Every structure is written in structure tokens, then in C-alpha cells.
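All values derive from a computational prediction rather than experimental measurement. Naming: A, B, ... by sequence-line order, numbering from 1 per chain.
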There are 2 protein chains.
Amino acid sequence: MKRDSRLSGVLHVLLHMAEHEGPATSEILARAMQTNPVVIRRILSGLRERGFVRSEKGHGGGWVLARDLSGITLRDVYDAIGNPALLAISNRTETPDCLVEQAVNAALADSFQEAEAMLLARFGNITLKMLHDDFHTRFTSAFPNREKDHIHEH
Amino acid sequence: MKRDSRLSGVLHVLLHMAEHEGPATSEILARAMQTNPVVIRRILSGLRERGFVRSEKGHGGGWVLARDLSGITLRDVYDAIGNPALLAISNRTETPDCLVEQAVNAALADSFQEAEAMLLARFGNITLKMLHDDFHTRFTSAFPNREKDHIHEH
DNA sequence: TTTTCATGTAACTTGTATAGTTACATGATT
DNA sequence: AATCATGTAACTATACAAGTTACATGAAAA
């Protein structure tokens with residue numbers, strides 16, 4: 001695993017849940033993601049706490065979306081998985097004594113903050129509904145003759 | 001070590017080299033950076049290959065800048081250390097079969113590319129000279145009475 | 001009410017990248 | 001010839017996401 005792919009992963013899972021009739025189990029979602037059910041539960045726990053999804057135990061249990069796709073932005077999801085670091089590079093020392101390093105940090109920090117702010121702003125403007133619509137465009141384009149079912153196979 | 005701090009580190013080293021009279025040894029630079037001389041050699045090897053610094057062995061040897069500070073941008077330095085990943089997050093799969101994941105990737109890829117392009121553009125507009133000038137501003141502000149020497153101690 | 005199913009979670013292992021260290025060969029200066 | 005400094009390989013330490021194992025908890029079905 002090279003870099004953090006939790007955002008990508010959880011978005012994938014949420015869209016699959018949206019397509020799924022009734023509660024989707026961790027195992028079903030894990031199969032679609034080619035990973036382990038525990039990874040799914042772990043990645044979804046933050047979203048449950050914030051009320052974006054619900055989970056039920058026992059027979060007929062599993063995961064369901066608790067909100068309309070148009071009411072969830074990528075920013076919401078990003079926050080729900082715990083605001084992982086967006087940038088792979090950082091300053092050696094956050095509060096250096098060395099004035100040379102302070103000058104370096106200041107220059108980089110400006111750029112870093114701007115990049116992070118830009119990403120978060122963009123995330124805030126993208127809803128799951130948009131991704132969902134994009135998926136359906138891709139689906140009808142790829143399979144013009146088929147009904148939009150059996151999504152997990154594609 | 002949490003995240004990649006090579007850019008921050010090498011900039012720090014280069015500015016120290018600029019302040020240093022004559023060749024600076026890896027050991028001197030390592031002391032200023034509070035790290036190991038081998039780390040300095042490793043981090044500077046890419047810059048040597050691209051002609052930004054020169055190194056000499058033996059007595060009186062060490063590292064010197066091979067170009068004016070105004071002729072080196074942060075982008076140059078970033079490229080010289082091997083274009084490390086800028087973003088900490090990425091897509092789970094680069095070329096997924098799943099159309100849902102393709103839709104997710106497309107949305108994220110746009111944002112990621114824009115953020116990376118923005119960072120690189122900013123790096124391209126910042127020269128070492130600017131950082132150097134900023135350092136001197138900080139120095140005279142912190143020590144109004146002192147000549148600008150003994151930089152390594154600050 | 002007992003079995004089955006599914007989540008909740010802790011604990012551990014794995015993979016990968018930077019950072020740091022050790023050791024030693026190479027070459028330049030004194 | 002002795003000394004100094006780089007060049008580089010090989011190893012260890014550290015951090016963290018991802019994956020796995022194991023088992024407790026609770027809900028529905030038989």
C-alpha cells in the first residue's frame with residue numbers, strides 16, 4: 001500500500017451502497033472492493049458516528065445510507081474518516097530555532113496551506129449525487145442495452 | 001519520521017551552504033540539520049547530477065553551490081530530489097474495472113491534479129534567493145546588533 | 001430458546017517509504 | 001604515506017495504512 005486510499009475506498013463503498021437494494025453487508029461490500037470485511041467496518045465507523053450511514057446487526061442486517069446522496073459532499077466524507085493528511089511532504093521541524101529553517105518553512109507552509117485549502121474547497125463542492133450520476137453515464141455508455149443492475153460485477 | 005521532509009531538508013542545507021565560506025562538509029551541514037552526514041550526501045546527490053551543487057573530496061573538500069541562488073527555484077530542487085509524491089492520498093486502484101470506482105477516481109483525479117499543478121507552479125516561482133533574503137530579514141530582526149555571521153547557531 | 005447471521009473491536013501481521021546508521025572503498029590534499 | 005572528505009551499499013528504526021484473526025455483542029429466524 002503506497003498511499004492513503006481511504007477516501008477513494010469509502011466513496012466507492014458508499015456508491016455501491018446506494019445501488020444496493022436494502023442493507024449491504026460488510027462482506028458484500030468487501031467483495032466489491034476486493035478487501036476484507038473488517039476494513040469496510042473500520043472505514044465506515046466514522047460515517048456512522050456522523051449519521052451518514054446506519055448499520056444493523058443480525059439477520060437482514062448490514063449498512064444503509066442514512067441521507068440523500070445530494071446531502072453528502074466529499075468534504076463530509078473526508079472529515080468523517082478523520083481528516084487524514086492531504087500532503088505527502090512536510091517540514092522537517094514545525095517550530096525550528098534555526099532562522100534559515102524558519103524561512104524555508106514559511107515559504108513552503110504558504111504553498112501547502114493553499115493546496116490543502118483548494119482541495120478541501122473542491123471536496124466541499126462535490127456531492128455523492130454527482131459521482132452517482134457520473135457512474136450512470138458511464139454505465140449506459142458502456143452497456144447501452146443493459147438495465148442498470150448487477151453493478152457489482154462492473 | 002511521519003512524512004517526506006526531503007524538500008524542506010535540502011532547502012535548509014542549500015541556504016546554509018550559501019552562507020558558508022568555502023566548501024561545507026557533509027558533517028558541518030549534518031550538524032546544522034541535526035542529522036547524519038550520509039543523509040546529507042544522499043539528499044544532495046540528485047542536485048549534483050543536475051549541476052546545482054558541486055562536491056570535492058579530500059582536504060578542503062565539501063559542497064559548494066554551482067549556481068546563483070536566483071537561478072534555482074524550489075521546482076528545480078523538487079525535481080532534483082526525484083519528484084517525490086506531493087499528495088498523501090491517492091486512488092485505491094489506478095485503472096479499475098469497476099465503473100463505480102472509475103467515477104470516483106475521475107472526480108478525485110481532477111482535484112488531485114489541480115492541487116499538484118498549483119504546488120509545482122508555486123515552487124517554480126520561488127527562488128532560493130527569495131528564501132535567502134527572507135532569512136536575512138528574519139536575522140536582522142532577531143539580532144539587530146549583530147553582524148550576520150554564525151548562522152549555524154541560530 | 002437456540003441457532004444463525006452480522007456488526008463492533010481489539011490485537012496482531014504485512015508492506016512500503018523515509019530517515020538514520022555502519023562500514024568501507026575511492027580519491028584529493030598535505 | 002597519512003589524513004580528510006565524498007560515494008555508496010547494506011542494514012536498522014520508525015510510522016502508518018491495510019489486511020487478518022479472533023471473539024464478544026446483539027438481532028432475527030428456526
Side-chain angles (χ1 to χ4, degrees), chain A residues 1-10 12-13 17 20 22-49 53-66 78 81-94, chain B residues 1-10 12-13 17 20 22-49 53-64 66 78 81-93:
Chain A
M1 91 237 55
K2 206 165 292 196
R3 290 189 277 171
D4 187 340
S5 64
R6 278 177 294 175
L7 181 58
S8 163
V10 78
H12 188 174
V13 165
M17 281 169 60
H20 198 268
T25 65
S26 305
E27 198 178 327
I28 288 174
L29 295 171
R31 205 138 46 208
M33 300 270 304
Q34 303 187 65
T35 183
N36 191 293
V38 177
V39 174
I40 301 293
R41 292 187 202 123
R42 191 153 59 201
I43 209 173
L44 286 178
S45 70
L47 282 94
R48 183 185 53 228
E49 285 164 16
V53 300
R54 271 197 310 271
S55 61
E56 299 292 344
K57 294 178 176 177
H59 276 94
W63 300 84
V64 286
L65 285 167
Y78 169 74
I81 61 176
N83 302 96
L86 293 170
L87 298 180
I89 62 184
S90 65
N91 292 324
R92 280 182 65 87
T93 316
E94 278 320 311
Chain B
M1 90 238 52
K2 207 166 294 195
R3 291 189 277 171
D4 186 342
S5 65
R6 278 176 295 175
L7 180 59
S8 163
V10 77
H12 188 174
V13 165
M17 280 169 61
H20 198 268
T25 65
S26 305
E27 198 177 327
I28 287 174
L29 295 171
R31 206 137 45 207
M33 300 270 304
Q34 303 186 66
T35 184
N36 191 294
V38 176
V39 174
I40 301 294
R41 291 186 202 126
R42 189 153 59 202
I43 208 173
L44 286 179
S45 69
L47 282 95
R48 183 187 52 228
E49 286 164 16
V53 300
R54 272 196 309 271
S55 61
E56 297 293 343
K57 294 179 177 177
H59 276 95
W63 300 85
V64 287
Y78 169 75
I81 61 176
N83 302 93
L86 293 170
L87 298 181
I89 62 184
S90 65
N91 292 323
R92 281 181 64 86
T93 316

Hey, is the side chain of B:Ser5 poking within less than 4.0 Å of OP1 or OP2 on C:dA19, counting only N and O atoms?
yes
Within the pair A:Arg6 and D:dA18, is there a side-chain N or O less than 4.0 Å away from OP1 or OP2?
yes
Toward the 5' end of DNA chain C, by each residue's nearest nucleotide, A:His59 or A:Gly62:
A:His59
Rounded off to whole Å, could you give me the NZ-to-C1' distance for the B:Lys57 and D:dC4 pair?
12 Å
Using whole Å, what does the distance between atom C1' of nucleotide C:dA19 and atom CG of B:Asn36 come to?
9 Å
Return the value, rounded to whole Å, for the distance between atom CD1 of B:Ile28 and atom P of D:dC4.
13 Å
Just how far, in rounded Å, is P of D:dA17 from CG of A:Leu7?
14 Å
Has A:Arg3 got a side-chain N or O lying under 4.0 Å from the OP1 or OP2 atom of D:dA17?
no
Tell me which nucleotide among C:dT21, D:dG7, D:dC4 gets nearest to the side chain of B:Arg42.
C:dT21
Whole angstrom is fine here: how far is it from CG in A:Leu29 over to C1' in D:dA18?
17 Å
The residue, A:Gln34 or B:Thr25, whose nearest nucleotide of DNA chain D is more 5′ is B:Thr25
Given C:dG20, C:dA6, C:dA23, identify the nucleotide with an atom nearest to the side chain of B:Val38.
C:dA23
Under-4.0 Å side-chain N/O to phosphate OP1/OP2 contact, A:Ser55 with C:dT7
no
Tell me whether the side-chain N or O atoms of B:Arg48 pair up with the base of D:dG7 as donor and acceptor below 3.5 Å, since no angle test is needed here.
no
Supply the atom-to-atom distance B:Ile81 CD1 to B:Leu47 CG, rounded to the nearest 0.5 angstrom.
8.0 Å
Check the distance between D:dT6's P and B:Arg54's CZ and give it to me in whole angstrom.
15 Å
Picking from C:dT7, D:dT6, D:dT3, which would you name as closest to the side chain of B:Arg41?
D:dT6
If you look at every strand shown and take non-hydrogen atoms under 4.0 Å, does B:Gly60 touch a base, only sugar-phosphate, or nothing?
nothing
Any heavy-atom pair between the side chains of A:Thr25 and A:Trp63 that's under 4.5 Å?
no
Quick one: are B:Arg92 and A:Thr35 in side-chain contact, heavy atoms under 4.5 Å?
yes
When rounded to the nearest 0.5 angstrom, what is the spacing between CG in B:Leu87 and CG in A:Leu86?
8.0 Å
OP1 or OP2 of C:dT7 sitting under 4.0 Å from any side-chain N/O of A:Ser26?
yes
Once you round to the nearest 0.5 Å, how far does OG of A:Ser8 lie from CD1 of A:Ile43?
8.5 Å
Take atom CG of B:Leu47 and atom C1' of D:dG7, then tell me their distance rounded to the nearest Å.
16 Å
Between B:Glu49 and A:Ile43, which is nearer to the 5' end of DNA chain D once each is assigned its nearest nucleotide?
B:Glu49
Quickly work out the B:Arg31 CZ to C:dT21 P distance and round it to whole Å.
14 Å
Considering only C:dG8, D:dC4, C:dT21, which nucleotide approaches the side chain of B:Val39 most closely?
C:dT21
Is the backbone N or O of A:Gly82 less than 3.5 Å from a side-chain atom of A:Arg6, with the two atoms forming a donor-acceptor pair by type?
no
